[in-house]
Q: 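Dumping the structure here so I can ask a few things about it.
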Amino acid sequence: MSDAKVPAATVHHPRRKIQLVDFLLSFRWIIVIFFVLPFSFLYYFSIYLGDVKSEKKSYKQRQMEHDENVKEVVKRLEQRNAAKDGLVCTARPPWVVVGMRNVDYKRARHFEVDLSKFRNILDIDTERMVAKVEPLVNMGQMSRVTIPMNLSLAVLAELDDLTVGGLINGFGVEGSSHIFGLFSDTVVALEVVLADGKVVRATKDNEYSDLFYAIPWSQGTLGLLVSAEIKLIPVDQYVKLTYKPVRGNLKELAQAYADSFAPKDGDQDNPSKVPEMVEGMIYGPTEGVMMTGMYASKKEAKRRGNVINNYGWWFKPWFYQHAQTALKRGEFVEYIPTRDYYHRHTRSLYWEGKLILPFGDQFWFRFLLGWLMPPKIALLKATQSEAIRNYYHDHHVIQDLLVPLYKVGDCLEWVHREMEVYPIWLCPHRIYKLPVRPMIYPEPGFEKHKRQGDTEYAQMYTDVGVYYVPGAVLRGEPFDGSEKCRQLELWLIENHGFQAQYAVTELTEKNFWRMFDNSLYEQCRRKYKAIGTFMSVYYKSKKGRKTEKEVQEAEQEKAEQETPEADEPAN
C-alpha cells in the first residue's frame, strides 16, 4: 500500500475531536527530514567505524578486553548500597531502547551499570558452529561479518538495530523460526553477572540450567547478560523467494498461510517439504501474499531466465509494497542476495515508515534520500514530546502476538473486528517442550492432537505482527487504544497466546502471570538474589510511571513471602 487506506466503516461512529497533537504529527516529517535522518546517518556511520575497528582486533584481544569490562561491571555492583542506591538498571538512556514502549521503569531505579562497551563479536567458531558475542552486538553487525563466510545466526531478526541482548532477554523471531524456534532457542550458553557480582556461564545441562531457561523473556531482571554463544548455520549467497497471492476470508487466508510451510501429513522435519524461510502478509480482510524461500547458490541465481533482485539498493521499493504486487501480477519467483533478504524490512521499518514519512515510499524520495533511511528509532523517540508519546499509545498499535498456528484465523478475525489494522505480518515459530516450564510454553498435551505444523517435541506458533494505525483512527473516529490492548491481552490469555513484552502491558499483575508462567522465574529470582536488586519483569512491563517507593514495596513484599504464590504454576 503506497498510500494508507482507510478501511470502510460498517457502523456509524461520532467523529473524534481534532487536537493540537494531530497538527504536530502532520508536520513531524519536517523534524525527521532535517534532523532525525541526518543524525541517524551519522550515528550509524560512527557505529560502523567502531565495528570495523573492533573487527581488526584479534579474537584473543577482544576476549581480553571483554574480561576487563566484566571486571568493571562486577566492581560497580560491589559499590552498590542496597538501602541507599535503589534497584539496578543499565546506564542506557531510555530513548535508546528499540521499541515504542515508554521506558518509565528507569524512573524508579537509580543505580546504573554501564554496559556500553559490550558491543563486540568475540569469536566465530566454525568448528562448533557457534558465535560468541556481547549483548549490544546488533543484527546488521552480525550479518555483515558472517554472510561473507557463508554463515548466519540460525535466527537473524530482520531489523538491523535489534541487539543480541534484547533478543535474548526479550524475544526475537525470523523467517527461519518455524525450523529453529525463537532467537533464544538458538542460544548455546549465557555469561551472566548475578546480583552478588558472581560471573557464571549457564547452559542447558550445567548447574545453572535453571538460569539458562529462565533468562529469555525476563527482560534483564535476573542478572546482567555480558555475552552469549549462539548457534550458527551454513547459508548460501542468495535466497530464492516465491511470492504467492491468496484470496478469501480471513480463515481461508490463515489456512493458505499454514499450507505454505506445514505439510498436512505431519512431516514437518522433512527439508524437501518445508521451506527454509517463511513469512506472510495480510493486506486486507480478503487478500494476502505468502512468501517462501530456499537458499540458493550464486551459480543457480545467475542462470539464464532467473530474476535477481538486488534489494539492498537504497532506491528499491519498500519490501511490503514490492510483495504486494503479487496480488496483481500473480505468483512470481526471484533471487535476493542473502543479506539483502535478511534486512528486507529495515529501510521501511516494516510499514511504520509510511507514518513517519508519508512520502517516503515515493520514487523521488527513495532515489534522492533513500540512502538516509531508516531513521534511528532512538532518535525518533528522543524527538517525541510527552503528548506525542501518549498519542501513540492511544491511537496507534504496535503488538507482536504469539498464538498457536491453528488459532491464527481466530486472531486475524479479532484484530479485524476490534482494531482494523493492515497490513498484518505473519511469521511461524516453534515453542519447544522443555524439561522445565519457562515463561512461555506450549499448550499442555498439544502433541496428542497432531495438528498441522506440530511435532512431538514442539508446537507451531505464529507471530502475528500488528503495526499501524487502526481503521477507526484513520476515519477520524474515537478509538480507546489502552482498552483495546487490554482486551487483546485477555484474548491471548484465553487462547494460550503471549504478548511480546517490548509493548507495554495493560494487565494487572495477577492477569500478567496468567499469560506467563512465573514458577521458574520466581524460583531463580530467589535463588540468584535478584529480588531487591533488579525490578520484577511485571513492573518493568507495566504501563505508567513507577515510583521508587512503589517498586521497592513490591520487592519487599516478594522478599518477605515465605511461601510465595508466585512459585505455583500459573493456571
Side-chain angles (χ1 to χ4, degrees), residues 54 57-78 88 90 113-137 142 146 153-155 163-172 180-233 432 434-436 438-439 520-531 533-534 537:
S54 172
K57 300 176 183 177
S58 68
Y59 287 137
K60 182 178 180 180
Q61 184 178 356
R62 292 182 222 175
Q63 183 62 51
M64 290 175 60
E65 291 178 358
H66 170 79
D67 293 341
E68 289 301 314
N69 291 334
V70 171
K71 289 179 182 177
E72 289 183 16
V73 171
V74 172
K75 182 179 179 180
R76 175 64 176 159
L77 284 175
E78 290 173 347
V88 173
T90 67
V113 178
D114 186 7
L115 299 181
S116 61
K117 296 178 181 179
F118 292 86
R119 57 180 322 109
N120 298 305
I121 298 174
L122 300 177
D123 190 19
I124 302 294
D125 189 333
T126 55
E127 291 186 6
R128 294 175 59 216
M129 289 297 282
V130 165
K132 184 177 182 181
V133 299
E134 293 180 320
L136 292 184
V137 170
M142 281 303 308
T146 60
L153 297 182
V155 174
T163 63
V164 167
L167 294 168
I168 292 175
N169 283 310
F171 111 108
F180 299 106
L182 297 176
F183 189 89
S184 56
D185 293 317
T186 67
V187 172
V188 176
L190 298 168
E191 184 184 14
V192 183
V193 181
L194 301 177
D196 60 2
K198 185 177 182 180
V199 182
V200 302
R201 182 175 182 269
T203 70
K204 65 181 180 181
D205 52 10
N206 73 359
E207 61 181 307
Y208 300 104
S209 62
D210 52 354
L211 185 65
F212 177 84
Y213 287 116
I215 280 181
W217 293 79
S218 70
Q219 298 292 318
T221 61
L222 292 174
L224 298 173
L225 179 66
V226 290
S227 77
E229 296 169 49
I230 309 170
K231 177 183 176 67
L232 292 169
I233 60 170
Y432 291 96
L434 299 172
V436 296
M439 287 181 66
L520 179 65
Y521 172 73
E522 290 294 349
Q523 174 186 322
C524 287
R525 289 252 296 160
R526 284 176 162 71
K527 180 177 178 181
Y528 297 110
K529 302 180 176 62
I531 294 176
T533 302
F534 301 103
V537 67

Q: With sequence neighbours excluded, tell me which residues meet salt bridge (charged side-chain N to carboxylate O under 4.0 Å, His left out) with Lys117.
A: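 Partners of Lys117 by the salt bridge (charged side-chain N to carboxylate O under 4.0 Å, His left out) criterion, ordered by chain and then number, come out as Glu72.
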Q: According to side chain to side chain donor-acceptor pair (under 3.5 Å), who are the partners of Ser54, at least two apart in sequence or on a separate chain?
A: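 Asn120.
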Q: Among all residues two or more places apart in sequence or in another chain, which pass the ring pair (Phe, Tyr, Trp, His ring centres under 6.0 Å) test with Phe118?
A: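 Testing Phe118 for ring pair (Phe, Tyr, Trp, His ring centres under 6.0 Å), a comparison that skips the adjacent residues, returns His66.
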Q: Roughly how far, to the nearest 0.5 Å, is CH2 of Trp217 from OH of Tyr521?
A: 14.0 Å
Q: Measuring from atom NZ of Lys204 to atom OG of Ser209, what distance do you get when rounded to the nearest 0.5 angstrom?
A: 11.0 Å
Q: Sequence neighbours left out, what passes side chain to side chain donor-acceptor pair (under 3.5 Å) with Gln61? Give chain and number order.
A: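 Listed in chain order: nothing, the list is empty.
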Q: Applying side-chain contact (heavy atoms from CB on, under 4.5 Å) to Val199 and Val192, what does each step give before you reach the verdict?
A: CA-CA 6 Å; Val199 182; Val192 183; over 6 Å; no
Q: What pairs of donor and acceptor atoms, side-chain ones from residues 182-189 against any protein atom, are under 3.5 angstrom apart with sequence neighbours left out?
A:
| unit_1 | atom_1 | unit_2 | atom_2 | d |
| --- | --- | --- | --- | --- |
| Asp185 | OD2 | Leu182 | N | 2.8 |
| Thr186 | OG1 | Phe183 | O | 2.7 |

Q: Can you list everything that forms a side-chain contact (heavy atoms from CB on, under 4.5 Å) with Ala228? Sequence neighbours excluded, please.
A: Val164, Ile168, Leu190, Ile230
Q: Who passes side-chain contact (heavy atoms from CB on, under 4.5 Å) against Lys527, sequence neighbours left out?
A: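 Partners of Lys527 under the side-chain contact (heavy atoms from CB on, under 4.5 Å) test: Asp210.
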Q: Quick one: side chain to side chain donor-acceptor pair (under 3.5 Å) partners of Asp67, sequence neighbours excluded?
A: Gln63
Q: Determine whether a donor-acceptor pair (N or O, by modelled atom type, separation under 3.5 Å) exists between the side chain of Arg62 and the backbone of Asp123.
A: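 Answer holds: no.
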Q: Please report the closest heavy-atom contact between Tyr208 and Tyr528, naming both atoms and the distance.
A: CD2-OH, 3.5 Å
Q: Report, as yes or no, whether the 6.0 Å neighbourhood of atom NZ on Lys57 holds more than 12 heavy atoms from other residues, nucleotides or ligands.
A: yes
Q: Output all residues satisfying side chain to side chain donor-acceptor pair (under 3.5 Å) with Thr126, sequence neighbours left out; order by chain, then residue number.
A: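 Partners of Thr126 by the side chain to side chain donor-acceptor pair (under 3.5 Å) criterion come out as none, since no residue qualifies.
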Q: Using the side-chain contact (heavy atoms from CB on, under 4.5 Å) criterion, which residues pair with Lys71? Sequence neighbours excluded.
A: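 So Lys71 forms a side-chain contact (heavy atoms from CB on, under 4.5 Å) with Glu68.
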Q: Show me the pairs that pass salt bridge (charged side-chain N to carboxylate O under 4.0 Å, His left out) and involve residues 219-232, at least two apart or across chains.
A: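 Counting only pairs at least two positions apart or across chains, the salt bridge (charged side-chain N to carboxylate O under 4.0 Å, His left out) contacts touching residues 219-232 are Arg128-Glu229, Arg201-Glu229.
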Q: Once rounded to the nearest 0.5 Å, what's the spacing between atom OG1 of Thr533 and atom CG of Leu222?
A: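 Answer rounded to 0.5 Å: 11.0 Å.
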Q: First locate atom CD1 of Ile124, then atom NZ of Lys132, and finally report the distance between them rounded to the nearest 0.5 Å.
A: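 Rounded to the nearest 0.5 Å, the CD1-NZ separation comes out at 12.0 Å.
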Q: Does the Arg76 side chain pair with the main chain of Asp114, one donor and one acceptor, at a distance under 3.5 Å?
A: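 Checking the backbone N and O of Asp114 against the side chain of Arg76, no donor-acceptor pair under 3.5 Å is found.
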Q: Please walk me through it: do Met142 and Val137 pass side-chain contact (heavy atoms from CB on, under 4.5 Å)?
A: CA-CA 7 Å; Met142 281 303 308; Val137 170; 3.6 Å; yes
Q: Out of curiosity, Lys60 NZ to Leu122 CG, how far, rounded to the nearest 0.5 Å?
A: 15.0 Å
Q: Roughly how far, to the nearest 0.5 Å, is CD1 of Ile233 from OG1 of Thr146?
A: 9.5 Å
Q: Under 3.5 Å, side chain of Tyr213 to main-chain N/O of Leu434, donor-acceptor pair present?
A: no
Q: Please walk me through it: do Leu77 and Leu224 pass side-chain contact (heavy atoms from CB on, under 4.5 Å)?
A: CA-CA 10 Å; Leu77 284 175; Leu224 298 173; 4.2 Å; yes
